[in-house]
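Right, one structure below, let's go through it.
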Amino acid sequence: MASNKSSNTLVVPQAQQALNQMKLEAAQELGVQIPADGYYGNVSTRDAGSLGGYITKKLVQIAEQQLSGSSNFR
């Protein structure tokens with residue numbers, strides 16, 4: 001059975017739920033199936049890269065909006 005633990009540690013642990021929600025929304029928008037057991041070893045490299053790129057793009061967008069003083073995250 002695969003471990004659901006990540007080797008990445010969050011700088012702000014309270015952000016875990018928001019990041020998980022972002023991952024689910026990204027997967028849904030991109031049509032990528034999130035593994036129920038949390039093991040991403042069977043997810044194609046293309047799908048995993050698409051998810052990572054999408055999430056990074058959204059996080060940069062959020063940071064830019066916060067730096068500019070805007071509070072609209074979508």
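Worth saying up front: this structure is predicted, and the values here are computed from it rather than measured.
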Shortest non-hydrogen contact from K23 toward I55: CA-CD1, 3.8 Å
Hydrophobic cluster mates of L51, side-chain heavy atoms under 4.5 angstrom, ILVMFWY only, any path? L24, L30, V32, I34, Y40, V43, Y54
Transitive ILVMFWY side-chain link I62 to L10, under 4.5 Å: yes
V12 with L59, same ILVMFWY side-chain cluster at under 4.5 Å: no
Establish, from distance only, whether the side-chain atoms of Q17 and Q21 form a donor-acceptor pair under 3.5 Å. no
